[in-house]
Each structure stands twice: as C-alpha cells, then as structure tokens.
Amino acid sequence: MSMEIAIPQPAERETYLNKEYGVWSWLLTTDHKRIALLYLISITFFFFIGGFFALLIRLELLTPAGDLVQADTYNKLFTMHGMVMIFFFLIPSIPAVLGNFLVPMMIGAKDLAFPRINLLSWYLYIIGGVLMLHCMLTGGVDTGWTFYAPFTTNFTNTNFIEAGMAIFVAGFSSILTGLNFVVTIHRMRAPGLTWARLPLFIWAHYATSIIQLLGTPVIAVTIVMVAAERALHLGIFDPKLGGDPLLFQHLFWFYSHPAVYIMILPAMGIMSEIIACFSRKRIFGYSFVAFSSIAIAVFGFLVWAHHMFVAGMSVYAALVFSLLSYAVAVPSAIKVFNWTATLYKGSIHYDAPMLYAFGFLGLFTMGGLTGLFLAALGINVHVTDTYFVVAHFHYIMVGGAVMGYLGGMHFWWPKISGRLYPEGWARLAALIVFIGFNLTFFPQFILGYLGMPRRYYDYSHMPEFQVLNVLSTAGATVLGVGYLLPMIYFLWSMRYGKPASDNPWNAAGLEWKTASPPPTFNFDEEPVVTWEAYNYEELDAPHTEEVRVAR
Amino acid sequence: MLNNFPLWPQQASTLAGRVDALYVFLLIVTGMMTLLIFICVVYFAARFRHRPGVRAEQIEGSTPLEITWSAIPFLVFMVIFAWGAVVYFKERTPPADASEVYVVAKQWMWKVEHAEGQREINELHVPVGRDVKLIMTSQDVIHSFYIPAFRIKQDVLPGRYTVEWFRATKPGIYHLFCAEYCGTQHSGMVGDIVVQEPAQFEAWMNGGSSGPLSASGEKMFAELGCATCHRNDAGGRGPNLKGVFGKPVQLEDGRTVTADENYLRECILDPGAKRVKGFQPIMPTFQGLVSEEQVNALVAYIKSISSANAGEGVKSSASAATPQSAGKVQPNGSQVQ
Amino acid sequence: MSTHSSSSSSPLKMYFAVFFALLVGTGLTVFAATLDLGRFNAAVALGIATVKATLVALFFMHVWHASEKLTKLVVIGALFFLLLLLGLTMTDYATRLWS
Amino acid sequence: MPDSTIVGLHHEEQHHPELLHHFADPQQQRDASSLGMWVFLATEIMFFGGLFCAYLIYRRWYFGDFAAASKTISMPLGATNTAVLICSSLTVVLAVWAAQTARRTLLLGSLAITMLLGVTFLGIKGIEYRDKFVEHHVPGASFSFENEPVPGHPGQYANPHHAQIFFSLYFVMTGLHALHMIIGLGIFLWLLMMAWKGRFTPEYHTPVEIGGLYWHFVDIVWIYLFPLLYLIDRHP
Ligand code: HEA
Ligand code: HEA
Ligand code: CUA
Ligand SMILES: [Cu+2]
C-alpha cells in the first residue's frame, strides 16, 4: 500500500490523515489511528508473504510426487507460512489494526492510555518482522510453526534461534497492545459509558487482551529456554540428558491454544457490530454475548493439552483436557445462537460487510464443530496430525477470523479512509472468497479422515489422494484472487472513491458520531453517553442521506 | 473411479468400527446443527430482509432461551466426550496376552523387530485376528506410528517406550505413516502393514529368522557382562532378574515400583535413578554402549525369564493406562504404589 | 492511589515493622533449612516465602491500604492463572503411568 | 490542546505540566499508569511462571540430584543477597513516602541507596556466577558434576545430566531475574535524575510509585527463588 494520502477536497477540514505530512509525522506518530494504519500496511505485507507460501505449498501438492520443490524447501514453506500467518498476520490483525483504530473512538477517548507504548509496540512488531524476513532470506527454518523439541533444540540445521527471537519480540508487541487496551477500557471511557453500554467489540477486545497479557509471556520464556537449550545443550527438553520433550509441548500450548482465541475473539466482536448494524437491531442477549467473550478467554486456558492426546501424556490428564475442551465450546455456541437470533425480525441489508458476516457465521460454525471432533479422544487419535486438523483450523482462522477481519475492514473503511469502496466489487469479492475457501479446505476434511498426514510434501506412496488435493489447489487459486480484489479496490478508493459521510451505514456506536476520517483527537467535544449500545430503534436505515445525530 | 477418489478409509481393525461409529454419530449431530443454523440464517435473511417502511423489532433477549441453548449443547457435548473417552480407553489398553513387536523409529525409517526375532524395515507383517502390541521408542526426535486403516496413532518418543495395539481384521496391505513432523524426509517415513492369514503369516515368520529376540538378548546379557552380577541365584552382586518383570520392586528410598518395560529400560540406561533395596549402587550405566535395538533385546530377554512364572493378571503397565492401575507416578520410571 | 489524602500518622512505623518481619523471615527460612522436616521441608520453605511475598505486596506495594478493588483483582487473577499453569500441567505429570 | 472544558476533580491546577493531552485530569492519568504497571506485573508473573513450572517438574523427578546440586551453591551468599534486596525494598518504600511528603533529601538518598543495594546484589550474583564457572558448573560443554553425593543417600552420586538441568534452570531463572534488576536500576537512575531536577511533588510522583512497584515485584521473585534454588536439602 502506498504511503501517499489522498486529500478529499483541498483546503478541507483537518483530519488525522492530513494534519501533518511527511514520513516522520507517520513514523513517530503517537496517534492511535495512524499507528493502526502503520499496522495495516505491515500486516497486509505479511499476509501476502504468507499467502505466497501457501500457494507454493498447494502447487507442490498438485501432484503426488515431490517435484516442484525439495523436501527441505517444502518444510520451510509450511513453517514460514504458519509462523508468518499466525504471529505476524492473524494475531496482530484485528486488534492492532481495527482495535487500535476503534477502541479509543468507541469509548469516547482521545487516544489509548499509553500512546508512546502503542508506537513502541509497532516498532517491536517491525523488529520482529525484520528478523523474520532476514531469517527467511538467509535460509528459513524448517521446524513447523510448533517447533517441537527435541527436533528444534537438537536436530534442525536451520537458524531457529533467529526465528524464535522474531516471535519473542513480536510477542512483546502483542503484550503491549493488550496492556494498552485493558488500561484504556478501564480508565478512559467517556462519562456515562458504563460496562453494560460498551459495544461488544470492546468486550471482545478486553477478553482478547487478557489472553495476550497472561499467555504470551509463557511462550516468551519458553522460547528463551529453547534457544538456550539449542545453543548450550542444557537438557531441559532433551530426553538424552534427562529432560522431557512433553514439557515443551505443555508450555508451548499453554500459550498457543489460548492464542487461537486471540485470533477469533476480535473477529467475533466485529461480527456483533456488523450483524447489529445490518439487521438494524440490538444484539440478541447482549450480556450473554459479552460475558461469553470473557468465558472463552478464561476457559481457553484450561484446554491446551488437547493438542497432545497421542503425544504420550497421561491418559487421565487427557480425559481432563478433553472434558474442558467441551466446556470452552459452550460460550462459542452461545454466540452463534445469539447472532442467529439477532437476525430474527430484523430489517436485514445485504451490504458487503454483512455478506462477510454471513460467511463468517457459516464457516466458523463448521470449523468450530469440527473442533468437537478433534476434542473427542477416540477420534482425535485417528485424525490428529492429518489434514483434518489442517482443515479445522483453516475453517476457523481463514473462514472465521480472516472473513471477520475483511468484514470489519469493509465496515469501517469509510471511517478510516473517508472514502467509499465500490460496493459491487466488494460483494463479488465476498462471494469469490467464500467459494474459493470451501473449495480449498472442504476436501481436506475428507483427506484427513482418509489418513493423509500433514506436513507431507510427497504423497507418491498414496496416489489415491490426488483428486482431492487437486480440488484444494484449484480452490486456493480462486481464494488468492478473492484476496487480491479487496486490496486493489481499497487502494483504488483512496484516490477515486466517493467521499464518505460521517455515518454511511447509519450505525450506532460513538465512532460514527465523529467525522470521517476523524480529527486527531477523535471528537471535537468530549462525548457523554446516555444510551445503550446498539440503539438502532433511533436510527434510520443505511444509505439514507446522513444526518448527524445530535446527542 | 473410486480407487482414485476414496471418500472413506478402509476398516481393517477391531477399533476401526468403533471410531467410525463415533465419527458417524458426530457427523449426524453436527450436520444437523449446521443445517439448523444455516436454515435459520437463510430463512431469517430472506424473510426479514429490509423492506421500505418496515422497521426491525427490537428484542432484548431471553434468559430461558439462553439457558436452553447452553444446556442442550452442553449435554450433547458430554455424550460426545464420554463416548470418545470410552473409545480412547479401548485404544490405550492393550490386551494382556498380545504378541509383542518392538519398534525403533529413527530419521527416517521404521525398524521393526518381532519378539520371535524377525526384523523388518518400513514394513510390519501381522496375522489376522491376533492382538499385537507395539513397544516403541525413538533414536532421535519424536515420530508417530500411524496406521489409518486401523485408526491408531501414537507418538514415538526418544528416551522411553510408548505403546499401542491393534487386532487386524482383514488381510491386505495398509499404509503406515509417520505422523509427527520429524525433519527432511518426514514424508518418506512411510511403509506398509501387511496383514496375512495366520497360515501365510506363520510361513513368513519361519522364513529365515535369527531366533527370537529374547535369545539375542540372552546372548547379549552374557556378552555385556550382565550375568556376572545378575546370577540365577541369590549370590550375585545384583538382584536375581528371574521373575522381576511385572512384579513390584522395593526401592532404596522406600518407594515401590512395578517392573514394567520402561522400568527395565531405565535400570539399564540409568541405574542410579531407581535403586533396588539392599544392593550397592555399583551397576554401571549402559547408556551409549547399547543401541535401542539391543536394549529392546535385553528387555525382551528379562521378560522372557519372568514370563514362565509371571503371575497371571499382571499386565505390563507400560501400556497400561487402565483406570484400575492408577497410582502415583515417577518421572522416568514406573508406577509407585 | 492518592495516599496523600492523608491526615493519619506517617506509615513509617509500619514500613519498618514489615522490614524487620522480612528479615526475620529470611533468618527463619535459612534456619528451617538446616532442620530435617522430612516431607515438610519444601512446604515450610515455600510457606515462609509466601508470607514474605504477601507482606511485600500488601504493605510495600500498598495492596492492603490505598488500593482499589481492581488492583486486588489483577493480583488475584494473575495468581489464579499461574496456578492453572502449574496445576493443570501437574495433572499430566502426577498421573503418567508410563515413564 | 483543543479543549479542557472539563473541570478536573482536583481543583489544584488545570494544566499540570505533566498532564498528557489525552487524559482528562491528573487523577485519570495516575490511575492509568498504576493500573498499567499492575497489569504488566501480571504478565511478569506468567513469564516467571513458565520457569517455575519447569523447575517444579524436574525437582519432583530428580529430587536427589537437585538437592546435590543445590548444595553446591553458596547459601550464605544467597541469604546475604536476600537481605540486600529486602533492605532495598525498604528504601524504595521510603522513597515513595518521601516523594509523597516532599522530603527531597530523603527521596534522593533513598533512591541512591536503593541503586547501591541493587548494584551490591548484582555484584554478589557475579561472585556466585564466577564460582560456578570455576567449578565447571556452568551448563554446556565444560560442565562437570562427577561424584557429588546425594544428600541423605550415602554412597549414591548425583546424575550429572540431571544436575545440569538444575544448573540450567538456576542460570536461566537467576539470569532473567538479574536482567530485571538491571532494568530496575535503569528506571531508578532515571527517577534519580528526575528527582534531582525536582520534578516530583506531592501532586505528581506517579513514576516513583510505579517504579517502586516494579522493584518490589523483582524482590518477590527473588523471595521465591532463594528457597527454591538454595535451600532444597541443606540439613546435614
Ligand atoms: C482461531 C483459531 C481456533 C479456534 C477458535 C479453535 C477452536 C476450537 N478448537 Fe482448534 N485448532 C486451531 C485453531 C483454532 N481452534 C489450530 C491452529 C489448531 C492446530 C494447531 C497445529 O497443530 O498446528 C487447532 C487444533 C485443535 C485440536 C488439536 C488437534 C490435533 O492436533 O490433534 C483440537 C482438539 O481438541 C481443537 C479443538 C477445538 C475446539 C473444541 C474449539 C472450540 O473453541 C470451537 C467452539 C465452536 C463451536 C463448537 C461452534 C459453534 C457451536 C455451536 C453451533 C453449538 C451447537 C453444537 C452442538 C450442539 C453439537 N483444535
Ligand atoms: C492465519 C493463519 C493462516 C492463513 C490465513 C492461512 C491461509 C492458507 N493456508 Fe495455511 N496454515 C496455517 C495458517 C494459515 N493458513 C498454519 C498455522 C499452518 C500449519 C503450519 C505448520 O504445519 O507448521 C498452515 C498450513 C497449511 C497447509 C498444510 C501444509 C502441510 O501440512 O503440509 C496448507 C495446505 O494446503 C495450507 C494452505 C493455506 C491456503 C491455501 C491458505 C489461503 O487462505 C491463502 C490465501 C492467500 C493467498 C493465496 C495470497 C494471495 C496473494 C497473491 C495471489 C499474490 C501472490 C504473492 C505475491 C506477489 C507475494 N496451510
Ligand atoms: Cu518420522 Cu515424521
Ligand atoms: Cu487448541
């Protein structure tokens, strides 16, 4: 994305975009909105890198033989794909872009509590990202994104320490974002904005922040141990020296399972905003949706060992973790049902954000429900480490979280850029993404149950798996097109899009009560809130010529 | 056509049916759930689409409804959990009299040795209808022994034994995969499980074996000098190993452990960790002096001189993760009572 | 937080009392380590450490006075998650039947 | 600053020089900073928590070997260091009190002594590390732990591999703790300079308070490290 900023009309109102120009005014900004845009550019960059690796993975799997790339190259591809997508795209995506932009605005604050720490967190992300890029350019790593010991500590010839450092640094970036959100949400709410009046997006980010704060440090210290072990052969995880490789898995998943909720909770927050707006309704069961976010965050810490059912851990512990995994599914169920119920007797509009929301609803449900298969001990033994798992998490992370992210980008793009994107193209893109997605990942469920192991670059031993793989590869191409489209028309709209009014969707929420794009301190006068969230009974339908709502 | 486009994996073990039954149950339950949600969404979206002049009806929510749709899924989840747990226990509990096969994984091959002494690489011959227990360890990183047609999988770890078992039901050749990422040739760590009719299997078994595993263990036992301390009477400097397997052992520090495969393995590789009561700590460690295969042979030998009088009902607890044998556990060792 | 809403006597006395308690605690734990308390060795050492840590948190870090509920919630919450980490990991290590 | 129509709760000054533009009033700013530090400490608890988890497991497994290894580190030095840190905690709390009550000399003095104690701690730690180095108890290629008796089990010697795990954890835990001390010293140096310039007043001294919170936390970590690492099985 280019750095140049289109000015709506010359000599216009001052906004956060045109307040100052020049590279330094961006690189040293403490304005949460500008930092959000910095993040937007950076994560988009990493998304396309990750996506590029994904395309190479899919191309290799087009034929059973390992013909396109070497085994080592393939191993590096999926490792870098996983690491980049998880640590450098999805975890920062919604919180650091949309959260950063919207959390202060939604609660009527002028900025996050610690603007300089916010900037620091972006720089940490960039340092981590540069380390990761450097690591990729100098050979990459082949440990899998899960970097299990003792392979990582004692066997791989690749430079894991650098990749580990990249993740370590990016982790601190994530911690600082969470810290900023928690403090901001507690301390900076506008007068009258009680907890019961908060948008569900804020609740979701609050829950996300809890996980970022309490989970991330554990992976950080685990990386320290792995790096030390790799450098000095300490024996903490190496069975030859008396260590236990399963301890690594415990510590890794203590973070990495909750981390999947870092990825999905913010998307769920977006869902609530979009569904409420385009059904013109208050979210059904507001408080249940709000508390289910917190419940997911807390229960999410209780289930990590469901990734280790065949790893050789205690059978009794497996029982405990399987049981708890079902406990965490209940709050997700509550959310799905409440969103569905919100549609009932609504007045539903099919604008692009809503299409993404429908996509999310379907794909997340399927991804979540296949999580129930995985959490069932007897089935997990068969399908763990197969494409069934790959399909499960892509359904949630790509079908759910990325769909949600795109939906949110469409929903708030007018606010962010002050421009409207071309609606027709946006609807088309949503459709292409949905079709391409299912074509890519549905066959993988079948492949997984058939027994195709993941992380295989060569399946010439079992050529009967080819047809399904071909379908999957075809789908990935479609999906790639679907992702390129929004990128193109968003960029296009920055210059050529129609100027957006302050509240083009006629949405509730404080962020819509200020100008598009907002001024540097968000509000011209400090808002005082006297209404519940989602007071849609007072608002007209979208697209009516905007009336600025007083009060 | 279907050869190139399978939709369901072959069923070739007693477990496969159980796993598939649960899977089908889940497909139905979640399928219905998905359908219900999709129908609601599509119906609401069509029925309540925006019409000029019609406004949305604001609905606060409904606590009874919330409780219903939390409680019902939860109950369904508990059924799935319980069913899954039952299948899992079946998978994790090898029958007592299963025939034993030792598996050593290394980057990137499977080395298999039958108790009878047959060795194979990336191949495993088994007869139809017999319980087979795999006692597995790895020489380097974590691997995972996966036979989709049998629906079983177990990670194979360095430094200790893990166990899985099956009973094949249909002759044929089935895939064997390494399912835990283990480095460059992870995807090359594949092989075949050859299931034969008992008669054929016997024939295969008799084709050129170097004698049972325990026999080579016995030879090694003499060559490595174990026999100098471990004699068949009470006079040795080390304990008499006859009959130890499967029995509780009194340790120096007061604990009691059951002598299972992992215990024997640890005694050989790290004798200091669990010392038998009443003996001096003089046994040297054989770590680094014996290969994984040799350890397996020694273990098999020590087991063989115990099995003659090993009490019935004593089950190797290396496998045994049965609820009945619950107890406190030691690190690299065995069960403490 | 605003401790300067004061009026009360200076907290110095309390600070020094806590300080001496901490020193005594240190002495005690060193002394206890020279005794053989069997299986209670660890419990005693950790018990004393916990008392000391609590004193520091409550009085030096002002969790006791002058802090809002939220601070207490943060502290308790963090300890809760720490216990989850230790406790649930132990469910595995305490019940592994094989090595 | 665009506005400021809101009347602060504190009628002292409308525009305290330290009030950042995005806060409504000094109270809000103070509360935000203090909550920020507490939340940060919560993440620190989990950071050390991962190490404690590893430590706990191996200590349970290899108790004898850990006891043998623990015996070789110097308890007097560890105890002295504990006392040093406790003293520094006292001076920190005095510094906060001095800032609240506008006692400039006491503030400067307490901050300086705190730093001195911090440096002492690191010095003693350095001596310990040097001893470990000399004794070849630093994990790695030159590590050696042969023929060290296991306390309470005559004739039994510790397994060097397991002892190496102890020392690995010892170095990682105390090393990360020392890193926190160094960061703490940096913070206190900054506080000292600010205090020197007279920036802290009874109305504005949040930095001293939250710097103090951090220091106390690092103390608490040590309060646990000391018995866990040094006092496993000291009795004869
Ligand atoms: C955003 C990411 C995300 C999310 C939200 C989830 C959510 C869930 N995940 Fe997933 N998971 C991953 C990402 C995610 N996962 C990843 C990345 C991996 C693999 C990592 C790797 O190995 O590389 C993985 C792996 C994984 C495994 C391990 C597989 C293995 O390797 O053996 C398991 C096992 O239990 C599991 C379970 C679950 C469950 C139970 C949920 C639940 O939270 C889902 C809850 C949601 C629902 C259940 C849907 C809505 C509910 C209803 C509509 C209710 C009605 C239903 C009925 C009444 C039946 N996941
Ligand atoms: C947020 C997380 C995320 C996202 C978004 C994706 C997106 C995709 N993933 Fe990813 N995937 C993971 C997380 C994610 N993945 C993880 C964690 C693993 C496990 C890794 C491991 O095992 O260690 C994994 C593993 C994984 C595998 C299994 C590899 C293996 O086990 O051997 C496969 C195979 O199909 C796959 C495919 C895809 C595809 C087709 C997409 C598509 O959605 C991508 C679509 C995007 C594009 C296609 C980009 C479009 C760009 C262009 C068209 C421009 C071209 C590029 C340039 C000019 C630079 N992924
Ligand atoms: Cu062996 Cu993968
Ligand atoms: Cu998980």
Side-chain angles (χ1 to χ4, degrees), chain A residues 71-72 144 148 150-151 155 239-240 245 279-282 284-286 288 310-312 315 319 322-323 326 329-330 333-334 336-337 340 343-349 361-362 365-366 369 372-373 376-379 381-382 385 446 449-451 453 455-458 461-462 464 467 536-537 541, chain B residues 3-7 9 19 22-23 26 30 33-34 37-38 40-41 44-45 48-50 54-59 61 66 69-70 73-74 77 80-81 84-85 87-88 91-92 140-142 144 148 151-155 157-159 162 175 177 179-187 190 321:
Chain A
D72 276 326
Y148 276 10
F151 179 71
F155 288 86
K240 286 216 171 56
S279 319
R280 314 307 299 164
K281 274 186 72 189
R282 182 179 162 78
F284 190 91
Y286 167 92
F288 287 89
V310 301
V315 182
L319 278 187
S322 168
L323 185 76
Y326 287 104
V330 173
I334 293 181
V336 170
F337 292 133
T340 310
L343 300 175
Y344 178 69
K345 296 209 168 162
S347 168
I348 296 165
H349 297 259
L361 208 55
T365 303
M366 287 181 66
L369 290 174
L372 302 178
F373 288 59
L377 289 161
I379 293 184
V381 172
H382 175 50
D385 274 318
I446 305 170
Y449 201 72
L450 286 173
R455 298 169 171 177
Y456 266 35
Y457 96 115
D458 170 340
H461 192 66
M462 50 284 192
E464 69 271 22
V467 176
Y536 278 101
E537 69 272 23
Chain B
N3 270 349
N4 286 326
F5 190 33
L7 293 174
V19 175
L22 176 55
Y23 186 69
L26 267 160
T30 59
M33 223 42 234
T34 319
I37 291 171
F38 282 14
C40 285
V41 169
F44 292 163
F48 301 111
R49 70 181 176 280
H50 170 69
V54 184
R55 302 204 56 153
E57 193 174 309
Q58 301 299 323
I59 306 170
E66 301 283 350
W69 65 40
S70 321
F74 185 73
F77 293 165
I80 303 173
F81 160 72
V87 176
Y88 186 64
E91 273 163 345
R92 293 286 116 147
D140 36 51
V141 300
I142 303 177
S144 191
R151 312 286 188 274
I152 57 164
K153 181 187 291 126
Q154 170 63 53
D155 282 8
L157 283 85
T162 51
H175 292 313
F177 296 136
E180 182 65 60
Y181 174 64
C182 54
T184 310
Q185 286 301 335
H186 165 59
S187 51
V190 293

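All figures in this text were calculated on a predicted structure; none of them were measured in a lab. Below, chain A is the first sequence line, B the second, and so on; all start at residue 1.
- At least one donor-acceptor pair closer than 3.5 Å links the side chain of B:Gln58 to the backbone N or O of A:Arg282.
- The candidate with the highest count of non-hydrogen atom pairs below 4.5 Å against chain A, out of B:Ala85, B:Ser70, B:Cys182, B:Ala45, is B:Ala45.
- Ring pair A:Tyr449/B:Tyr23 is parallel by interplanar angle, where below 30° counts as parallel and above 60° as perpendicular.
- The two residues A:Arg455 and B:His186 make their nearest non-hydrogen contact at O-CD2, 2.9 Å.
- Residue contact with chain B, scored on non-hydrogen atoms closer than 4.5 Å, involves the backbone and the side chain of A:Phe284 alike.
- Looking at heavy atoms from C-beta onward, B:Ile142 lies in side-chain contact with A:Pro245 at the 4.5 angstrom threshold.
- Only the side chain of B:Leu157 comes within less than 4.5 Å of a heavy atom in chain A; its backbone stays farther off.
- Counting only heavy atoms from C-beta outward, the side chains of B:Phe177 and A:Asp385 never approach each other to under 4.5 Å.
- For B:Glu91, the part lying under 4.5 angstrom from a heavy atom of chain A is the side chain only.
- Scanning for ring-ring contact (aromatic ring centres under 6.0 Å, His included) contacts around A:Tyr457 gives an empty result, with sequence neighbours left out.
- Although no hydrogens or angles enter the test, the distance criterion places no donor-acceptor pair under 3.5 Å between the side chain of B:Arg55 and the main chain of A:Ser347.
- In this structure, B:Glu180 and A:Val310 have side chains that are not in contact, with every pair of non-hydrogen atoms separated by 4.5 Å or more.
- Taken from CD1 in A:Ile379 to CG in B:Leu22, the straight-line distance is 3.5 Å, to the nearest 0.5 Å.
- The CD1 atom of A:Ile334 sits 6.5 Å away from the CD atom of B:Glu66 when rounded to the nearest 0.5 Å.
- Between B:Pro148 and A:His382, some side-chain heavy-atom pair lies under the 4.5 Å cut-off.
- A:Tyr148 touches chain B through its side chain: at least one heavy atom from C-beta onward sits under 4.5 Å away, while N, CA, C and O do not.
- The candidate from B:Val87, B:Val19, B:Thr34 with the greatest count of non-hydrogen atom pairs under 4.5 Å with chain A is B:Val19.
- If you measure heavy-atom distances from B:Pro158 to chain A, the contacts under 4.5 Å come from both the backbone and the side chain.
- Both the backbone and the side chain of A:Ser322 come within contact range of chain B, with heavy atoms under 4.5 Å apart.
- Contact detail for B:Gln154 and A:Ala311: the closest heavy-atom pair is NE2-C, 4.2 Å.
- Of the atoms belonging to A:Met462, heavy atoms from both backbone and side chain fall under 4.5 Å from chain B.
- The choice from B:Ser144, B:Gly84, B:Cys40 that makes the most heavy-atom pairs within less than 4.5 Å of chain A is B:Gly84.
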TODO: For the pair A:Val381 and B:Arg151, evaluate side chain to side chain contact (heavy atoms under 4.5 Å, CB included) and give the outcome as yes or no after the intermediate values.
DONE: CA-CA 7 Å; A:Val381 172; B:Arg151 312 286 188 274; over 6 Å; no
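- Distance CZ/B:Phe44 to CD1/A:Ile348: 8.5 Å, rounded to 0.5 Å.
- Aromatic ring pairs are classed by plane angle as parallel below 30°, tilted from 30° to 60° and perpendicular above 60°; the pair A:His349 and B:His50 is parallel.
- Rounded to the nearest 0.5 Å, atoms OG1 (B:Thr184) and CG (A:Asp72) are 3.5 Å apart.
- With chain A as the partner, the residue from B:Val54, B:Ile152, B:Asp140 showing the most heavy-atom pairs under 4.5 Å is B:Asp140.
- Of the two parts of A:Leu319, the backbone and the side chain both hold a non-hydrogen atom closer than 4.5 Å to a non-hydrogen atom of chain B.
- When heavy atoms are compared at a cutoff of 4.5 Å, B:Phe38 approaches chain A solely by way of its side chain, counted from C-beta outward.
- When each of A:Met366, A:Lys240, A:Lys281 is scored by its heavy-atom pairs under 4.5 Å with chain B, the top score falls to A:Lys281.
- Across all their heavy atoms, A:Ala376 and B:Leu26 have their closest contact at CB-CD1, 4.3 Å.
- When all heavy atoms are compared, the tightest approach of B:Phe77 to A:Ala329 is CE1-CB, 3.7 Å.
- By the 4.5 Å heavy-atom criterion applied to side chains, B:Phe48 and A:Leu343 are not counted as neighbours.
- Note: B:Thr30 OG1 to A:Leu372 CG = 7.5 Å, rounded to the nearest 0.5 Å.
- B:Pro73 places a side-chain heavy atom less than 4.5 Å from the side chain of A:Phe337.
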